[in-house]
Amino acid sequence: MHPCITYSHSHHMQHRRHNMRTSMYSVLLLQLVLAGAIARRVVVVEALDVGYYAATCPDAAATVRQAMELQFYNDRTIAPAIIRMLFHDCFVRGCDASVMIVSTARRSSERVAIPNQTLRGFNIVNRVKKALESACPGAVSCADALALMARDSVVLLGGAAYDVPLGRRDGLQSNPWEVDLPAPFARLDDALGAFAARGFSAEETVVLFGGHTVGATRCSHFRYRLAHPDGTMDEALRRGMADACGLAGGDLPPDADPTAFLDPETPFAIDNACYGQMMGNRSLLQLDQEAATHPATAGHVAYYAASPDAFVRRFSEAMAKLAAVGVLEGDAGEVRKVCSAYNK
Ligand code: HEM
């Protein structure tokens, strides 16, 4: 090799190494500065805030409430359906409206996953979103709309009002394989683990099971408990449900499967009746029933069975906490124009 070339080569290398060192250093500096900026933004600028739409859509909450009231007086079963939808949305990728995306031929979504096949109320979400879009186009996210709708549902069903801080953004991912909601025949230990992973104590989990004080379930979710008495279901309830559901459901499609109220005493009231049912072996879902005897939950079930006011208050607090799980904020995600599809 020509010495000159060698020299100039090594000189060039030294020069480059020096430049690399300086540029690596400045990259590091830049990262530190950015990390600081991001950390500050998360804490100060991007936390959910009840006044988030004060400038862009001051009447957002009122618009949602009016639309919900109109729908509710037409069909009150929408309120339990929306409460359940919030749970299914927030447990998967956080409260980002990922549950609302409709599958296309090219891209399937959370909605095809088994627990979501019995969700209802997507048409109500679309109606509320339309009302929001005509009041303030492009301003209010579907995730915020659902959080407000769930709060209004609780109130319409006689529960306690609570504040809903806003500023959630809509997610850009919705994948069926990420839907890891517990099944109604899951072990309670596993379900408690799933709630703990999202920040909920056993007590809060018991309070959220109180969601089953309203609404209905398909027989397929508990029919297997009817055929053979095993002592975990009150015998009169078992016989009545065997009549109502039939013992052989086979593969009935969800629409053809009969339904039963989860709380037959007061199916449209947020009250503590479901805990009395748990304690009397009168829960339809196996998981709810196990909560009455499991050492981590039995005490809470007994407490809420005896404390109607405490339940109503704690349920609203737990719903507010549920509505804040894993939210997207700031520039993350987007504000969808329609809730069932990503923006183009
Ligand atoms: C491990 C936890 C849970 C399991 C396994 C579970 C399971 C179920 C099942 C199987 C149904 C019946 C669905 C149908 O057949 O249409 C149902 C309904 C319902 N769930 Fe849950 N659930 C759980 C937690 C929750 C939570 C945390 C909430 C909200 C606070 C909730 C609120 C509701 C409501 C309101 C309904 C009635 C829906 C309607 O009438 O359309 N559930 N749940």
Side-chain angles (χ1 to χ4, degrees), residues 42 46-48 52-53 60 64 68 78-130 132-133 138-153 164-183 186 191 193-200 208 211 254 318-344:
V42 169
E46 298 183 351
L48 297 181
Y52 185 80
Y53 295 113
V64 172
M68 278 300 286
I78 64 152
I82 294 298
I83 292 172
R84 184 175 185 228
M85 190 188 294
L86 183 80
F87 166 51
H88 285 218
D89 185 35
C90 295
F91 250 51
V92 181
R93 286 192 163 269
C95 309
D96 68 342
S98 55
V99 77
M100 300 174 193
I101 294 291
V102 168
S103 281
T104 63
R106 284 193 308 126
R107 209 170 160 189
S108 64
S109 73
E110 290 175 20
R111 277 178 65 172
V112 305
I114 288 173
N116 290 336
Q117 288 174 8
T118 49
L119 277 184
R120 303 179 305 120
F122 294 108
N123 54 338
I124 308 298
V125 172
N126 293 341
R127 264 170 233 164
V128 168
K129 175 66 171 169
K130 253 191 201 139
L132 284 169
E133 286 298 298
V140 182
S141 68
C142 296
D144 275 345
L146 181 59
L148 289 167
M149 291 171 73
R151 185 264 308 270
D152 293 340
S153 299
V164 179
L166 300 165
R168 295 165 193 74
R169 305 267 296 177
D170 298 327
L172 300 171
Q173 292 280 328
S174 174
N175 303 310
W177 58 87
E178 289 179 334
V179 177
D180 55 354
L181 291 156
F195 278 82
R198 276 97 172 161
F200 294 95
L208 283 174
M319 285 292 288
K321 182 168 174 179
L322 180 62
V325 170
V327 296
L328 299 175
E329 294 168 298
D331 298 334
E334 62 182 6
V335 172
R336 275 182 222 149
K337 293 191 177 66
V338 294
C339 293
S340 55
Y342 308 111
N343 294 343
K344 286 287 166 307

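- In terms of heavy atoms, A113 sits closest to P176 at CB-O, 3.9 Å.
- A donor-acceptor pair is defined here as one N or O able to donate and one able to accept, closer than 3.5 Å; such a pair exists between the side chain of S109 and the backbone of I101.
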Discussion item. Determine whether K321 and L208 satisfy the following criterion, side chain to side chain contact (heavy atoms under 4.5 Å, CB included), listing intermediate values before the conclusion.
Written reply: CA-CA 10 Å; K321 182 168 174 179; L208 283 174; over 6 Å; no
Item to complete: Kindly determine whether V102 and F122 satisfy side chain to side chain contact (heavy atoms under 4.5 Å, CB included), including the steps that lead there.
Response: CA-CA 10 Å; V102 168; F122 294 108; over 6 Å; no
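- Within the 4.5 Å cutoff, no side-chain heavy atoms of R151 are placed close to those of M319.
- Of the residues D89, N175, V179, L328, the one that meets the side chain to side chain contact (heavy atoms under 4.5 Å, CB included) test with S98 is D89.
- In the model, D144 has a side-chain atom that pairs as donor or acceptor with a side-chain atom of Y53 under 3.5 Å.
- Using cut-offs of 30° and 60° for the angle between ring planes, the F195 and F87 rings count as parallel.
- At distances below 3.5 Å, not a single donor-acceptor pair connects side-chain atoms of S340 with backbone N or O atoms of M100.
- Atom OG1 of T118 sits about 6.5 Å away from atom NE2 of H88, to the nearest 0.5 Å.
- Residues G167 and L48 share a closest heavy-atom pair of C-CD2, 3.6 Å.
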Discussion item. Please evaluate residues I78 and R120 with respect to the criterion side chain to side chain contact (heavy atoms under 4.5 Å, CB included), reporting the C-alpha separation (whole Å), side-chain torsions for both, the decisive distance (0.1 Å), and the verdict.
Written reply: CA-CA 7 Å; I78 64 152; R120 303 179 305 120; 5.6 Å; no
Practice prompt. Run the numbers on V99 and L86 for side chain to side chain contact (heavy atoms under 4.5 Å, CB included), then give the verdict.
Written response: CA-CA 9 Å; V99 77; L86 183 80; over 6 Å; no
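- The shortest heavy-atom contact between Y52 and L166 is CB-O, 3.5 Å.
- Panel note: side chain D170, backbone A143; a donor-acceptor pair is recorded below 3.5 Å.
- At distances below 3.5 Å, at least one donor-acceptor pair connects side-chain atoms of S141 with backbone N or O atoms of R168.
- Going from atom CD of E334 over to atom CG of D96 covers 10.5 Å, rounded to the nearest 0.5 Å.
- Closest non-hydrogen pair, M68 versus I82, comes out as CE-CG1, 4.3 Å.
- Contact between V338 and C142 at its shortest, heavy atoms only, is C-SG, 4.3 Å.
- Contact between V335 and G138 at its shortest, heavy atoms only, is CG1-O, 3.5 Å.
- Checked for salt-bridge contact, R198 and D180 meet the test: a charged N lies under 4.0 Å from a carboxylate O.
- Here the side chain of K129 pairs a donor or acceptor atom with the backbone of R336 at under 3.5 angstrom.
- Judged by distance alone, with hydrogens and angles left aside, the side-chain atoms of E329 form no donor-acceptor pair with the main-chain N or O of R169 at under 3.5 Å.
- Annotation: the span from I124 atom CD1 to R127 atom CZ amounts to 4.5 Å, rounded to 0.5 Å.
- Heavy atoms from other residues, nucleotides or ligands lying under 6.0 Å from NZ of K337 number 12 at most.
- Interatomic distance, E110 CD to S103 OG, rounded to the nearest 0.5 Å: 10.0 Å.
- Distance alone, capped at 3.5 Å, places no donor-acceptor pair between the E178 side chain and the V92 backbone.
- Distance CG/N123 to CG/N126: 7.0 Å, rounded to 0.5 Å.
- In summary, the side chains of R111 and S174 do not present any donor paired with an acceptor at a separation below 3.5 Å, with no hydrogens or angles considered.
- A distance of 8.5 Å separates CE in M149 from CG in D152, rounded to the nearest 0.5 Å.
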